[in-house]
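Below, chain A is the first sequence line, B the second, and so on; all start at residue 1. Excluded from the calculations below are hydrogen atoms, water molecules and symmetry mates; all remaining heavy atoms, backbone and side chain alike, are included.
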Amino acid sequence: MEKVLEVKHLKKYFPVKGLFFTKGWVKAVDDISFEIYKGETFGLVGESGCGKTTTGRTILRLIEPTAGEILFEGKNVMELKGDELKWFRRKAQIMFQDPYSSLNPRQTVFEIIMEPVRFHGIEVDDPEEFVVNLLKSVGLNEMHLYRYPHEFSGGQRQRIALARIMALKPEFIVLDEPTSALDVSVQANILNTLKDLQEKHGFTYLFISHDLGVVKYMSHRMGVMYLGKLVEVGPADKIFENPLHPYTQMLLSAIPVPDPEMAKELKAKRKIVRGEPPSPINPPAGCRFHPRCPFAKDVCRKEEPPMVEVEKDHHVACWLYAKS
Amino acid sequence: MPEPILQVRNLTVHFYTYAGIVKAIERVSFDVYRGETFALVGETGCGKSVTSRALTQLIESPGRIVEGEVLYHKEDGTVVDLLKLNEEQIREIRGNEIAYIFQDPHASLDPLYTVGYQIGEAMEVHGKVESIKEGIKKAVDILRSVLIPDPENRVKNYPHELSGGMKQRVVIGIGIANNPKILIADEPTTALDVTVQAQILDLINQLKEKYKATVILITHNLGVVAETADRVAVMYAGKIVEIGSVEQIFKNPLHPYTKGLLKAVPNPMTKIERLEAIPGTVPNLITPPSGCRFHPRCPFATEVCKRKVPELKEMEDGHFVACHLY
Amino acid sequence: MADLKKFLIRRILTFIPTIVGVTIIVFLIAYVIPADPAKAWAGGEKASPEAVERIKERYHLNEPWYDQYWFLIKGLATNTLIDPRTSNPVFDDIKDRFPVTFQLAIIAFTFTILIGIPLGLISALKRNTWIDTLVRIFALIGVSTPVFWLGYLLLFVFFVKFRITNLAGVPPAPPVQITHIPIIDSLLTGNFTLFKQHLARFWLPGFVLGFMGTGVLARFVRNSFLEALSGDYIQFLKAKGVPKLRMYRHALKNALVPIVTVLGLQFGGLLAGTPITETVFALPGMGRYAILSIQNLDFPAVVAITFIYAIIYVTANLVVDILYAVIDPRVRY
Amino acid sequence: MQEEYKKSILDKLADKIVYGLGSFISLFKKGWKEKNKSKMEEWRLMLYALNRSPPALIGLFLVILFILVGIFGPRLAHWRYNFFPMLYTKSYDKIILAPPGSKFVLDYYNNTVITFPLGSDHYGRDLLSLILSGARTSFVISIIVISLGVPLGILLGLIAGYYGGKVDELIMRITDMFLAFPALILAIALSAVLPERIQNFISTHEAVQKFVLWLFALDVREAGNLGRLLAVILAMIIVWWPAYARITRGSTLTEKEKLYIEAARAIGLPARTIMFKHILPNIIGPILVYITLDFGGVILMEAGLSFLGLGATPPIADWGRIVYDGAQYFPKAWWLVFYPGLVVMLVALGWNLLGDGLRDILDPKTRRSIEFKVKKSKKEGEANA
């Protein structure tokens with residue numbers, strides 16, 4: 001299968017400022033590697049502060065990484081300049097979590113969608129018709145053309161954002177919690193639209209979310225992040241059926257399922273959920289999960305576990321599965 | 001027959017805003033039984049939060065409680081209408097017999113006072129302790145009971161020195177400080193991560209058992225409802241559309257909205273080919289749809305739905321629905 | 001408390017670049033002086049070329065800019081910068097006038113606080129009533145009234161018509177000096193006659209100077225207090241069953257942080273108003289001195305005065321920062 | 001919803017203004033009116049809100065009056081500012097200070113009688129004429145200071161806020177230094193050292209000199225005084241920008257965090273476009289309010305400076321200067337202090353009232369509450385009736 005995106009040893013540290021010098025570093029993303037294949041949805045899950053959003057933005061070069069390589073269709077994103085960078089900006093897009101701040105409140109829908117089109121020099125015969133067609137493809141219509149964002153509901157705004165992205169005919173879209181600010185009934189709508197568009201245009205998605213149910217529904221493959229580290233990567237089905245990393249297991253057992261019987265069952269065999277994620281400023285040594293891990297051994301406290309392939313395509317970074 | 005602790009009748013709250021009168025909740029009625037966990041579920045703006053706050057007159061201007069009764073059955077058997085109490089009387093009930101936990105623990109605590117002070121204050125204002133100083137001493141025990149490690153030192157912490165989960169534990173601590181009869185938890189875990197959410201929900205359950213309290217849980221998360229609630233009321237656009245036990249609601253949902261909602265949530269434990277979305281959007285409550293407020297989005301809507309407001313009907317034991325289909 | 005100390009040191013350190021910058025601006029002001037003042041200082045048009053040359057020599061006016069800067073800094077630091085008009089070191093001249101200005105500012109500040117804060121609180125508690133509207137209009141009139149106009153108006157009423165204040169001279173400083181601010185010293189040493197004299201001389205100019213800030217402060221207190229009252233934690237306090245007064249106390253403490261900032265800024269504003277007030281009320285303070293120096297092209301004095309004002313301003317900001325840290329535990333980080 | 005309002009004459013005027021403007025723009029940009037319905041509706045609502053706020057309307061009235069007098073004042077004045085009449089009482093005693101409302105004989109020889117509605121100054125000039133001419137001075141100065149100082153501050157604030165890091169550090173340190181001086185003190189110091197150089201510049205550039213004289217409606221004779229006048233302007237520009245740099249930086253920092261800015265970056269838009277097309281329009285509201293309030297501020301400060309003897313020198317008509325010169329005759333010639341001061345206050349009050357009203361109108365939250373209040377009061381009125 002063709003790789004659209006390859007992330008190699010990506011690191012992003014944010015400085016913690018002291019008076020004159022940097023006091024320390026927030027290791028938001030610390031040496032993660034994964035790839036995304038054409039036409040698939042790669043889900044990235046984790047709790048707040050685990051670095052999933054930073055990963056998404058760094059891939060698009062909205063934040064400069066501290067170290068590592070990002071290859072987009074074989075080209076090193078960090079080295080792109082001029083026209084090539086412009087090409088990348090067109091081919092790789094992002095959809096944000098908060099529909100209330102992702103649209104400029106002073107622009108009409110028409111301007112919001114046409115601005116990138118004009119900037120990228122895409123030839124359009126009739127701009128109005130072009131925008132109306134886009135709006136229709138995401139479930140809006142020509143009535144909305146000259147309205148301002150504040151006249152729309154959250155779900156509609158996400159559709160406008162989607163239309164803006166579609167206008168550039170991208171290949172790869174980072175979806176950064178696109179539905180977490182929306183109600184469930186609206187969420188289902190947006191998720192279905194995203195799936196339909198992927199089928200029709202062959203988009204590749206990086207789907208970032210903290211909602212395991214949504215990730216399961218959307219993703220073909222997925223990665224689980226904890227404190228800046230990728231702890232488990234594999235096909236979504238396999239991870240849900242057979243979570244390997246103790247953190248993944250804990251996460252899965254903590255989700256409340258919308259089914260009382262199943263909930264009772266799960267609750268009975270729920271692993272004890274312990275503690276809260278520590279601060280990423282001074283993450284624990286060794287395996288970062290060890291202070292909360294029920295299976296922690298000596299080696300976990302000292303050395304970082306390597307990523308190993310336990311079954312086909314299913315990788316995990318845990319000393320339970322690796323040989324030291 | 002379970003014994004009611006709270007009976008809400010025809011509770012109506014309007015907000016007099018710039019754009020017009022927002023009919024936030026309209027003639028909401030339900031009973032809460034002693035010792036149960038009663039969940040109010042619904043989407044943003046359906047009025048669940050307003051309902052919970054209206055119970056103790058916690059409605060700020062421009063909102064106003066237009067009509068209704070909230071009958072509170074005290075331990076000693078007397079019944080009072082909470083909406084008829086004056087400011088001082090209701091103040092004595094709030095935080096004492098009926099306590100709240102709000103959604104956002106960051107915003108709920110005053111940033112300029114230590115957590116010990118804030119817990120102590122809650123006890124002091126209800127005369128449970130002589131002074132706040134004494135309250136701070138007792139706060140140590142409370143922090144311990146909400147499973148905060150090292151409570152002796154934590155009482156001296158300011159809110160910003162605690163993590164989100166810890167803050168919510170403090171908020172819960174304030175809630176249970178006076179051993180309330182009813183604990184109203186308004187989206188207590190929405191601002192928290194999944195793993196922390198599980199801990200907080202467990203904690204609320206434990207405390208409920210320990211103090212024999214009744215819990216009213218307000219949430220939009222059906223998973224949380226399935227896991228913790230005994231009975232559920234589903235709200236849509238300011239009205240209750242369905243009430244029943246948690247099994248009845250999840251296994252045999254009657255209202256088209258409840259059905260749609262359940263099908264729209266992806267369950268991570270099952271394989272779903274395609275989610276079913278509810279078409280349309282939530283109506284604005286200034287000019288709500290006539291008749292049944294759900295009719296513009298309802299696949300089964302008929303003429304009568306547009307005209308007549310459906311009343312709650314008991315379909316099976318304790319299972320009420322407000323829909324013209326039945 | 002260790003936190004507080006660390007915070008303070010950090011804060012003081014960050015003021016160093018500001019002070020350095022202030023000297024640079026002061027220097028720039030001095031540096032753009034045209035060559036003519038030398039002539040003026042030497043005695044006007046009739047001055048002999050030798051005398052002018054001597055003055056230029058003495059004030060390094062012929063040297064390159066860095067030499068001039070160094071001369072200026074050294075002069076300020078060691079108080080060897082000589083005022084050509086009075087032939088005194090500039091800070092010596094200022095030392096006599098500083099207490100007058102400072103005393104004026106303090107009295108004005110007291111007026112501002114004593115009137116502004118209660119007015120703001122009343123306005124907030126009676127939100128959207130006629131009292132609120134009145135305070136709002138009062139605030140707008142306050143910022144729109146020229147200080148000199150109000151000064152003359154009140155002079156007309158209190159001095160010309162009723163003679164309730166006096167305008168002549170300045171009462172002496174008490175024999176025992178502690179703070180070197182006469183009105184405070186006389187209060188501290190129990191010299192009430194002198195205190196009364198100072199008050200009689202200074203209350204009207206103080207009021208005029210403080211008037212502008214009063215309304216602004218009232219409005220600001222109102223808005224901050226209302227903002228604090230709308231916080232979620234106030235709702236939670238209400239849900240806790242906390243009585244109203246206690247709720248207000250919480251809100252007030254939270255509102256204090258922005259109020260303190262504005263007070264710091266207002267103290268700076270008061271200082272800026274002193275030249276006009278001192279001119280109207282014939283007070284021999286720094287502001288008046290600055291105007292006279294300017295009229296006489298007496299630049300060493302101008303430089304020194306500007307510098308002093310800037311130092312006071314920076315110090316006021318520092319005090320604000322300290323108060324912040326005392327009120328708000330979050331600031332110490 | 002708005003149609004429920006009972007429209008006042010002012011509201012109807014507002015409708016006409018907005019639609020007229022829409023049609024006007026549509027003449028040049030086809031279809032503008034149709035495409036900007038939402039925008040025009042918002043304008044209309046803002047004007048409605050303005051109509052509901054009597055203080056803002058009074059402010060607007062005062063400001064319009066000030067602008068008109070600022071433009072036409074020198075023409076409206078009965079006497080030129082540099083006309084120094086010889087005044088005599090009916091008994092032909094020479095007089096210097098004429099009290100308000102008094103009549104005097106203008107010339108010993110040709111018996112013309114002259115009335116001083118507001119009195120005269122010590123040169124015998126008519127105070128009313130001076131005040132009218134002085135409006136031009138205040139008006140031009142405030143416009144120059146605002147239109148040069150404010151954009152500079154906004155630009156620096158935008159750059160500091162958007163780029164952050166070292167650029168931000170540098171700009172803000174400089175801003176802090178300027179803010180460390182009380183504005184008036186710095187302005188005093190600057191207006192003391194600047195005149196000479198400006199005067200040199202002015203005398204060597206005739207076109208500039210002509211233009212400035214035209215701006216202030218002055219005669220060529222006053223060319224020698226321009227240096228001091230312009231020095232005050234320059235001094236005020238120098239003290240005015242830092243506050244705007246700081247405000248703009250603050251709002252830019254908040255606005256920059258919003259996702260639509262990140263979306264613009266993800267599209268690849270250059271920094272310039274993002275700053276001016278995306279950030280600036282979204283933060284301009286509060287800045288506009290500040291600008292309005294600051295027109296009053298500039299006028300007050302200018303009056304203050306000339307009250308201290310800086311800036312405009314006689315015979316140039318300047319409100320502060322009249323007070324400065326008249327103060328030596330206080331309290332006898334009270335009108336020389338009272339009227340110019342009153343005018344300064346009224347103008348400053350006008351701008352402040354307008355600015356304060358604009359703050360409510362530009363903030364959608366309060367604006368809507370104003371609209372609602374209108375409707376509620378109407379309803380209650382009906383209920384009572």
[X] versus chain D, heavy atoms under 4.5 Å apart: side chain, backbone, both or neither?
| X | value |
| --- | --- |
| A:L103 | backbone |
| A:E111 | neither |
| A:R90 | neither |

Contact winner vs chain A - D:E257, D:K277, D:E262, D:R265, heavy-atom pairs under 4.5 Å:
D:E262
Side chains of A:K52 and A:H210, heavy atoms from C-beta outward: is any pair under 4.5 Å?
yes
Looking at side-chain heavy atoms only, is the closest gap between A:F110 and A:P127 below 4.5 Å?
yes
Residues D:R359 and D:D356 bridged, charged N to O under 4.0 Å
yes
salt_bridge(D:K12, D:D15) N-O dist < 4.0 Å:
no
Sort D:K37 into side chain, backbone, both or neither according to what part of it lies under 4.5 angstrom from a heavy atom of chain A.
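Neither part, no heavy atoms under 4.5 Å.
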Given 3.5 Å as the limit, does a donor-acceptor pair link the side chain of D:K256 with the main chain of D:G161, or not?
yes
Could you check which of A:E151, A:E115, A:R164 has the highest count of heavy-atom pairs closer than 4.5 Å to chain D?
A:E115
